[in-house]
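Comments concern the structure below.
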Amino acid sequence: MMALGTLLRKPPQPPGSCRAFWGWLNAVFNKVDHERIRAVGPDRAASEWLLRCGALVRYQGSPKWQHDYNGLPTGPRGKYKIEAINATDSCIMYRGFEYLDGLEHVTDIKLEKCMYIQDQCLERLSETNNLQKSLQQLKIISCGNVTDKGIIALHKLTNLEYLYLSDLPGIKQKETTCRVLQQALPNLELELDLE
């Protein structure tokens with residue numbers, strides 16, 4: 001006869017099943033909803049995406065960071081324009097970067113400890129026409145999937161004034177990467193904390 005404890009024990013889970021679930025959920029959070037963008041405008045839709053993924057946004061004219069999805073400000077379409085994004089510890093990923101296309105007023109982005117940020121994301125960021133015109137400050141910290149290729153792609157951000165890079169183990173050719181960026185963006189202040 002089987003012991004009661006044996007019957008009540010959970011069946012063993014396949015390795016990585018919990019991680020796979022969170023990866024799937026994060027991918028769902030990053031799915032672009034084009035109907036929503038049309039209905040509420042690019043800034044509101046991007047705010048919803050960013051907050052859903054755990055990031056913060058700050059609007060033009062406000063010193064306060066918005067962190068509560070349910071507390072997103074209401075008002076006429078276009079009233080609240082995203083000026084800054086802090087994606088620390090968020091699950092934003094490439095598939096959601098289309099939300100950035102309509103943002104015209106973003107001057108500051110911080111990507112810190114973003115496990116899904118990779119070169120492809122930085123390439124997409126730098127190819128976003130509105131960000132090429134508006135983005136002035138970018139900080140990339142502890143994003144382990146970023147390599148020299150992604151950093152070099154940032155040369156398309158022609159108005160970038162300040163770039164901070166820290167704890168990026170994928171950066172293997174620091175001097176070459178910095179030289180390429182400085183040649184493409186001579187007014188760029190580049191601050192490094194790389195080993």
Side-chain angles (χ1 to χ4, degrees), residues 15-16 19-20 22-27 29-32 42 46 49-50 52-58 65 82-195:
R19 179 173 290 171
W22 288 112
W24 170 82
L25 186 60
N26 291 336
F29 283 169
N30 278 276
K31 186 172 190 262
V32 177
W49 164 61
L50 289 161
R52 192 170 48 241
C53 291
L56 309 174
V57 297
R58 193 179 74 235
W65 286 94
I82 297 175
E83 183 175 59
I85 298 168
N86 182 341
T88 300
D89 288 318
S90 72
C91 69
I92 64 171
M93 61 179 63
Y94 179 81
R95 102 182 270 189
F97 272 51
E98 196 173 332
Y99 278 110
L100 301 175
D101 288 348
L103 304 182
E104 298 177 352
H105 305 280
V106 176
T107 60
D108 188 359
I109 296 178
K110 181 178 183 183
L111 303 171
E112 182 173 1
K113 298 179 187 170
C114 300
M115 68 183 291
Y116 297 108
I117 294 296
Q118 54 194 349
D119 294 341
Q120 187 180 24
C121 298
L122 298 181
E123 290 166 0
R124 178 69 169 86
L125 186 83
S126 68
E127 291 169 356
T128 303
N129 289 332
N130 287 330
L131 293 179
Q132 288 174 350
K133 298 171 192 166
S134 69
L135 191 62
Q136 297 171 0
Q137 293 189 35
L138 178 59
K139 297 174 186 151
I140 306 171
I141 305 161
S142 302
C143 296
N145 296 319
V146 171
T147 70
D148 299 279
K149 179 182 176 187
I151 299 303
I152 289 173
L154 299 174
H155 78 277
K156 295 179 183 175
L157 297 170
T158 54
N159 283 324
L160 195 62
E161 298 171 359
Y162 177 77
L163 177 61
Y164 178 72
L165 304 173
S166 176
D167 187 26
L168 300 172
I171 304 288
K172 304 294 186 195
Q173 299 173 351
K174 180 172 61 171
E175 292 79 19
T176 304
T177 298
C178 292
R179 188 174 56 254
V180 169
L181 270 182
Q182 293 283 215
Q183 286 173 348
L185 303 169
N187 296 325
L188 178 67
E189 179 186 342
L190 185 56
E191 187 176 344
L192 305 174
D193 183 15
L194 303 171
E195 300 201 9

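Heavy atoms only, all atoms of each residue included: Leu122 and Gly150 are closest at CB-O, 3.6 Å. Of all heavy-atom pairs spanning Ala87 and Ser90, the tightest one is O-OG, 2.8 Å. Here the closest non-hydrogen pair linking His155 and Leu185 is O-CD2, 3.6 Å. Residues Met93 and Asn30 approach most closely at N-OD1, 3.0 Å, considering heavy atoms. Listed here is the closest heavy atom pair of Ile82 and Ala46: CD1-CB, 3.9 Å. The shortest non-hydrogen separation linking Cys143 to Cys114 is SG-N, 3.7 Å.
Residues Arg95 and Lys31 form a side-chain contact, since some pair of their non-hydrogen atoms from C-beta on lies under 4.5 Å apart. No side-chain heavy atom of Tyr162 sits under 4.5 Å from any side-chain heavy atom of Leu188. With contacts defined as side-chain heavy-atom distances shorter than 4.5 Å, the pair Ile92/Leu50 qualifies. For the pair Ile109 and Leu135, the minimum side-chain heavy-atom distance is below 4.5 Å. Using a 4.5 Å heavy-atom threshold, the side chains of Val106 and Leu100 count as separate. The closest side-chain heavy-atom distance from Ile140 to Ile117 is not below 4.5 Å. For the pair Ser126 and Leu131, the minimum side-chain heavy-atom distance is 4.5 Å or more. Proximity of Asp108 to Glu83: side-chain heavy atoms (C-beta onward) are nowhere separated by under 4.5 Å.
For Glu127 and Lys156, the salt-bridge test passes: some basic side-chain N is under 4.0 Å from an acidic carboxylate O. With respect to the salt-bridge test (charged N to carboxylate O, under 4.0 angstrom), the residues Arg124 and Glu98 do not qualify.
A distance-only check finds a donor-acceptor pair linking the side chain of Asp148 to the backbone of Lys172 [under 3.5 Å].
Leu138 contributes atom CG, which lies 6.0 Å from atom CG of Leu160 (distance to the nearest 0.5 angstrom). Distance check: Arg179 CZ to Lys174 NZ gives 13.5 Å after rounding to the nearest 0.5 Å. To the nearest 0.5 Å, atom CG of residue Leu181 and atom OG1 of residue Thr176 are 11.5 Å apart. Atom CD of residue Glu161 and atom CD of residue Gln137 lie 7.5 Å apart, to the nearest 0.5 angstrom. Here Asp119 contributes atom CG and Ile152 contributes atom CD1; the two are 9.5 Å apart, rounded to the nearest 0.5 Å. The CG atom of Leu111 sits 7.0 Å away from the CG atom of Leu125 when rounded to the nearest 0.5 Å.
Ring geometry for Phe97 versus Trp49: interplanar angle over 60°, hence perpendicular rather than tilted (30 to 60°).
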Before giving the answer on salt bridge (Lys or Arg N to Asp or Glu O under 4.0 Å), spell out for Glu123 and Lys149 the whole-Å C-alpha distance, their side-chain angles and the decisive distance to 0.1 Å.
CA-CA 9 Å; Glu123 290 166 0; Lys149 179 182 176 187; 3.8 Å; yes
Check against side-chain contact (heavy atoms from CB on, under 4.5 Å), Ile171 and Leu165:
CA-CA 10 Å; Ile171 304 288; Leu165 304 173; 5.5 Å; no
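With hydrogens and angles left out, the side-chain atoms of Thr88 and Asn86 include a donor and acceptor closer than 3.5 Å.
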